[in-house]
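See below for the structure under consideration.
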Amino acid sequence: MRNKSAPFFRLASTVSLITLILLVFSTTVFAKTEVLRISIAKDIENLEPVNTGKTFDNNVGKLYCFTEIKTDEYPTKVVHVWLYNENIIAEVPLEVNSTTWRTYSSKKILPKWAGNWKVEVYSNDGELIDSVEFNIK
């Protein structure tokens, strides 16, 4: 006597195997890194931004770009690219060593650098994942 349910079980196990392969493939090939929070601050205390804003006086001296990163794979890196009037002033690679990671970079701001600023955040694979604009007056 032949088992009539055998083709169904073969199909179900094949579908399960394909689903498992796609799941593994998608998490390794399509790992995602994103920014949960981003801000410009006058200081960082206990890995948190302090005195955040979008406009700062030209005598501020130094500013920080704080980012909280979420990633599917670690360790990895992100890069903060500081731009002044659309010109790259600094590129700062930063380590990400957990699925959720707080990090920051800083830039000395000279009084003569009044104008429009932006920090772009790039994932390890070069994808722009967020940015923040601010102004020095």
Side-chain angles (χ1 to χ4, degrees):
M1 180 175 208
R2 227 173 107 206
N3 184 349
K4 293 182 181 183
S5 62
F8 170 76
F9 287 114
R10 275 196 301 269
L11 176 62
S13 69
T14 301
V15 168
S16 295
L17 181 61
I18 291 171
T19 302
L20 180 62
I21 290 169
L22 288 174
L23 182 62
V24 169
F25 179 75
S26 68
T27 57
T28 57
V29 174
F30 301 112
K32 185 174 181 180
T33 300
E34 63 184 311
V35 175
L36 297 177
R37 292 188 292 156
I38 185 170
S39 60
I40 300 298
K42 290 183 179 180
D43 203 0
I44 301 289
E45 293 179 6
N46 298 316
L47 280 174
E48 286 294 330
V50 177
N51 297 320
T52 63
K54 296 285 185 184
T55 303
F56 301 91
D57 290 329
N58 69 342
N59 64 354
V60 69
K62 186 179 196 179
L63 288 174
Y64 298 83
C65 179
F66 166 88
T67 51
E68 183 174 1
I69 306 295
K70 181 176 176 160
T71 186
D72 293 341
E73 70 171 330
Y74 65 91
T76 189
K77 290 183 181 181
V78 296
V79 178
H80 285 181
V81 178
W82 290 75
L83 298 112
Y84 167 59
N85 290 331
E86 299 183 15
N87 296 305
I88 295 174
I89 300 298
E91 294 183 29
V92 184
L94 300 162
E95 299 288 330
V96 176
N97 293 313
S98 170
T99 56
T100 303
W101 190 260
R102 293 174 293 171
T103 190
Y104 60 90
S105 63
S106 65
K107 181 73 186 98
K108 287 186 179 180
I109 306 294
L110 298 179
K112 65 181 180 180
W113 288 347
N116 298 316
W117 284 80
K118 183 179 188 178
V119 178
E120 296 178 337
V121 182
Y122 290 87
S123 65
N124 197 41
D125 62 3
E127 178 186 355
L128 176 64
I129 54 176
D130 210 343
S131 65
V132 61
E133 295 182 11
F134 61 100
N135 189 273
I136 303 296
K137 61 178 183 158

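Since this is a predicted model, take the numbers as computed values, not measurements.
By the 4.0 Å N-to-carboxylate-O rule, Lys70 lies too far from Glu68 to be salt-bridged with it. Taking a cutoff of 4.0 Å between a charged side-chain nitrogen and a carboxylate oxygen, Lys32 and Glu73 do not qualify as a salt bridge.
Screening residues 125-135 for salt bridge (charged side-chain N to carboxylate O under 4.0 Å, His left out), with sequence neighbours left out, gives no hits.
With contacts defined as side-chain heavy-atom distances shorter than 4.5 Å, the pair Lys108/Leu110 does not qualify. Within the 4.5 Å cutoff, the side chain of Phe134 has heavy atoms near those of the Val119 side chain. Here the side chains of Val81 and Tyr122 are in contact, with some heavy-atom distance below 4.5 Å. The shortest side-chain heavy-atom distance between Lys107 and Trp113 falls under the 4.5 Å cut-off. At a threshold of 4.5 Å between non-hydrogen side-chain atoms, the residues Arg37 and Arg102 count as touching. Ile38 is not listed as a side-chain neighbour of Phe66, based on a closest heavy-atom distance of 4.5 Å or more. Proximity of Val96 to Lys77: side-chain heavy atoms (C-beta onward) are nowhere separated by under 4.5 Å.
For the side-chain contact (heavy atoms from CB on, under 4.5 Å) test, residues two or more places apart in sequence or in another chain that qualify with Thr52 are Ser39, Ala41, Pro49. With sequence neighbours left out, Asn51 forms a side-chain contact (heavy atoms from CB on, under 4.5 Å) with Lys42.
When every heavy atom of Ser98 is checked against every heavy atom of Thr71, the shortest pair comes out as O-CG2, 3.5 Å. Nearest heavy-atom pair across Ser123 and Thr33 is CB-CB, 4.2 Å.
By the criterion of side-chain heavy atoms lying less than 4.5 angstrom apart, applied directly or through intervening Ile, Leu, Val, Met, Phe, Trp or Tyr residues, Val78 is grouped together with Val35 in one hydrophobic cluster. Val79 and Ile129 are members of different hydrophobic clusters when ILVMFWY side chains are connected at heavy-atom separations under 4.5 Å. If you chain together hydrophobic residues whose side chains sit under 4.5 Å apart, Val60 and Ile40 fall into the same group. Residues Val92 and Val121 fall within the same hydrophobic cluster, defined by Ile, Leu, Val, Met, Phe, Trp and Tyr side chains chained together at heavy-atom separations under 4.5 Å.
Panel note: side chain Tyr84, backbone Ala114; a donor-acceptor pair is recorded below 3.5 Å. Although no hydrogens or angles enter the test, the distance criterion places no donor-acceptor pair under 3.5 Å between the side chain of Asn116 and the main chain of Asn85.
Rounded to the nearest 0.5 angstrom, Ile88 CD1 and Leu83 CG are separated by 5.5 Å. The CG atom of Asn97 sits 12.5 Å away from the OG1 atom of Thr100 when rounded to the nearest 0.5 Å. A distance of 5.0 Å separates NZ in Lys137 from CG in Asp57, rounded to the nearest 0.5 Å.
Exactly one of Ile136, Ile109, Asn135 qualifies for a side-chain contact (heavy atoms from CB on, under 4.5 Å) with Phe56. That residue is Ile136.
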Apply the test side chain to side chain contact (heavy atoms under 4.5 Å, CB included) to residues Val50 and Ile44: give CA-CA distance (whole Å), side-chain angles for both, the deciding distance (0.1 Å), then the verdict.
CA-CA 6 Å; Val50 177; Ile44 301 289; over 6 Å; no
Derivation of the side chain to side chain contact (heavy atoms under 4.5 Å, CB included) call for Thr67 and His80
CA-CA 9 Å; Thr67 51; His80 285 181; 3.1 Å; yes
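Using the six-membered ring where Trp is involved, Trp117 and Trp82 have ring planes that are perpendicular, over 60° apart on the 30 and 60° scheme.
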